[in-house]
Protein chains: 2
Amino acid sequence: MNKTIYDVAREAGVSMATVSRVLNGTAVVKEETKAKVQAAIEKLGYRPNAVARGLASKRTKSIGVILPDVSDLFHAEVLRGIEDIATMYQYHIILTNSDAREDREVDLVGTMWEKQVDGLIFISEKITPKIVKTFESAQLPVVLCATEDPEHRIPSVAIDNKQAGTDATRYFLNLGVDKIVFLGGPTSQPVTMERLAGYEKALADAGHEFNPAYVIHARDSHYQAGYDVSNEFLNSGLKADAVVATSDELVLGFLNAVRDRGGKAPDDVMLLSFENTRLTTIVRPELTTIAQPTYDLGAVSMRLLTKLLNDEAIEEYTVRLPHSILERTSTKR
Amino acid sequence: MNKTIYDVAREAGVSMATVSRVLNGTAVVKEETKAKVQAAIEKLGYRPNAVARGLASKRTKSIGVILPDVSDLFHAEVLRGIEDIATMYQYHIILTNSDAREDREVDLVGTMWEKQVDGLIFISEKITPKIVKTFESAQLPVVLCATEDPEHRIPSVAIDNKQAGTDATRYFLNLGVDKIVFLGGPTSQPVTMERLAGYEKALADAGHEFNPAYVIHARDSHYQAGYDVSNEFLNSGLKADAVVATSDELVLGFLNAVRDRGGKAPDDVMLLSFENTRLTTIVRPELTTIAQPTYDLGAVSMRLLTKLLNDEAIEEYTVRLPHSILERTSTKR
DNA sequence: ATGAAAGCGCTAACAC
DNA sequence: GTGTTAGCGCTTTCAT
């Protein structure tokens, strides 16, 4: 097996250049010879070797995706968005997990270069100067997804996290709720800090006092971390009327900590989180969330990357996707 | 930029073959020249072009993964297992979603061939003759993951689904429970049917009567489908003491349908499901499950594939990973 | 509209 | 232990 373009050329009685032309549509070929070539391709069951193609053309039609962890529901949904648009534009995805470790990330950008990907979609918790420098030296088109470079040197697609934090907090304020807990990931996580800034702003705007005891940080954004830190909080004897949490799993940690104490939501505490993964409608009470357009975050990132790759006109390099509040039972009394 | 192996050779004052040798360790090189080469690599910031390498060596160090949907939690966790082992063996993953559509799957195997992947990991709902034929004509080493070829022509890693179905059912039987609902995916799904066979066997072994009304099939394995079909069941007025469901989301659909009617679990109905994704401990009550070793399913598949690729000795081409029952509160009265 | 030929950057015989 | 030289299967000038 393993037919080559040369076999097709001979079978069709033309040169390999002509076969290449009908394959790629890079030049006009007479209908008649085109038909002969296609017949030969069909007959031999020929398929072009993408590796040879990549070497000769210097474009591999594959793009690298570096993200912290695919098994995280949020990332998995974003990835699906990336993949769908990639497929639409005939790109393939080379996927790697970084566990959000900077050294891994730097390393992975290098191996992505080795693989000669045409571009990169990068999802991380934090964009460090080292990473930015790595992007530059790799000379790869990069789009940050659900992540922003604080100095906006790299194209990105995300939501306005500070505004979202404000909106979430204001939502409770408008309900007349008083003691609002902010439950986030570690302070090293820019996303958490931006949303926290929004929370503080909403409080300040409303003339509310800011009480640092109501800001709690979990060690990561997963369920167990949320559960643990919520228990600590509740053990301290503080009373919360509502929670604004930066991830769906985190808020479920709080919910279950409350339940362990015989409490209920929304009766004893109202809950709002940020991701809008499918968890929000699977659990009871269904969770009110700031709806991040998860799938779109991936899809739009990939679309932006294709524009970069084709030198299409680009209006905005720092794309902010709209967010909204989806009210569900976790905040209905 | 874009240094080539030739630049390194000149910088180090050796031939490109020697550079290739220190890069790949394919032959003994004098310590001294090796050092010179490494210094040159360092100095130039050289990185080998994997595409050229792939073309010359006919091995790309990349493997294709075809699965129905990454945004499905189960698949995402399996994928993480695949990826970790792949990284360990220096392979990269090219990922594609098939939506479990046979035509897409056949097509994707073809494009994976074009990409010259060294091997394939295939996850699907069903292994059809057409797919098997496609594998054969592609001449690619394939490992089926969480899926089995009914005729065992293709190496696979899965659990013993019939046995698991029996174990799950017997668990309730031993608890003295009577009316056990089997809630599965569509009848076209072999996994569902195998587990159902196990359910029937357990009933038969115990001398229980099999009542077809207690077997319900959702249109897919997701939450909403489970919720909808559970509502239909409950509307019919039938009473269930326990549910054996083929996915975590499905059983949550049943749970919420029961809750909508003012019922509770495990008090009114005991719940058991099959995947053991992280959902099981996030929701309340925590779900008793047949613990499929999700991550391991991926990891072991990838390991098996590396064995295939390196002509290592293989004891078993049809690997059955052990399953177990994790008792949690959804079955504790 | 088509063919000839020169690479793309590397590996892998084959020499020495 | 190291260098020389063919390719790997394509794309892409440059002719014609």
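In what follows, every chain begins at residue 1, and chains take the letters A, B, ... in the order their sequences are listed.
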Quiz item: Do you know which of Ile85(B), Val78(B), Asp84(B) makes side-chain contact (heavy atoms from CB on, under 4.5 Å) with Ile82(B)?
Solution: Val78(B)
Practice problem: May I have the distance from Arg10(B) (atom CZ) to dG9(C) (atom P), rounded to whole angstrom? | Solution: 13 Å
Self-check item: Short side-chain N/O contact to dT11(D) OP1/OP2 from Ser20(A), under 4.0 Å
Solution: yes
Self-check item: Residue Arg21(A), side-chain heavy atoms: nucleotide from dC10(D), dA1(C), dT2(C) that is nearest
Solution: dT2(C)
Practice problem: Would you please confirm or rule out a distance under 4.0 Å between OP1 or OP2 of dC8(C) and any side-chain N or O of Tyr6(B)? | Solution: no
Practice problem: Figure out the CD1/P separation between Ile5(B) and dC8(C), and round it to whole Å. | Solution: 14 Å
Practice problem: Can you figure out which of dA4(C), dC10(C), dG7(C) approaches the side chain of Ala56(B) most closely? | Solution: dC10(C)
Quiz prompt | Check: Asn24(A) main-chain N/O paired with Thr26(A) side-chain donor or acceptor under 3.5 Å | solution = no
Practice problem: Give the rounded distance in Å between these two atoms: NZ of Lys115(B) and C1' of dG9(D). | Solution: 15 Å
Quiz prompt | Ser15(B) side-chain N/O to dG3(D) phosphate OP1/OP2 under 4.0 Å | solution = yes
Practice problem: Check every strand shown and say whether Val51(A) touches a base, only sugar-phosphate, or nothing at a heavy-atom separation below 4.0 Å. | Solution: nothing
Quiz item: Where the side chain of Met16(B) is defined as all heavy atoms beyond and including C-beta, which of dG3(D), dG3(C), dC10(C) is the nearest nucleotide?
Solution: dC10(C)
Quiz item: Do the side-chain N or O atoms of Lys58(B) get closer than 4.0 angstrom to the phosphate oxygens (OP1, OP2) of dC10(C)?
Solution: no
Quiz item: Are Thr306(A) and Arg303(A) close enough that a side-chain donor and a side-chain acceptor fall under 3.5 Å?
Solution: yes
Exercise. Whole angstrom is fine here: how far is it from CG in Asn24(A) over to P in dT2(C)?
Key: 16 Å
Self-check item: From dG3(D), dC8(D), dG3(C), nucleotide with atom closest to Val14(B) side chain
Solution: dG3(D)
Quiz item: Between Lys34(B) and Ala52(B), which is nearer to the 5' end of DNA chain D once each is assigned its nearest nucleotide?
Solution: Lys34(B)
Quiz item: With respect to the side chain of Lys30(A), which nucleotide from dT11(D), dT2(C), dT2(D) is positioned closest?
Solution: dT2(C)
Practice problem: Without swapping roles, check the side chain of Asp69(B) against the backbone of Asp99(B) for a donor-acceptor pair under 3.5 Å. | Solution: no
Quiz item: Please walk me through it: do Glu11(B) and Tyr46(B) pass side chain to side chain contact (heavy atoms under 4.5 Å, CB included)?
Solution: CA-CA 11 Å; Glu11(B) 176 74 29; Tyr46(B) 167 77; over 6 Å; no
Quiz item: Is the side chain of Asp296(B) donor-acceptor paired with the backbone N or O of Ala299(B) at a distance under 3.5 Å, no angle test?
Solution: no
Self-check item: Between C1' of dT11(C) and CD of Gln116(B), the distance in whole Å
Solution: 15 Å
Practice problem: Check whether any side-chain nitrogen or oxygen of Thr33(A) sits under 4.0 Å from OP1 or OP2 of dT2(C), and answer yes or no. | Solution: yes
Quiz item: In whole angstroms, how far is the C1' atom of dC10(C) from the CH2 atom of Trp113(A)?
Solution: 12 Å
Quiz item: Does Thr18(A) make a side-chain N or O approach to OP1 or OP2 of dT2(C) shorter than 4.0 Å?
Solution: no
Quiz prompt | Interatomic distance, Glu114(B) CD vs dG9(D) P [rounded to whole Å] | solution = 15 Å
Quiz item: In whole angstrom, what separates Ile41(A)'s CD1 from dC10(D)'s C1'?
Solution: 13 Å
Quiz item: Is any side-chain nitrogen or oxygen of Asn49(B) closer than 4.0 Å to OP1 or OP2 of dC8(C)?
Solution: no
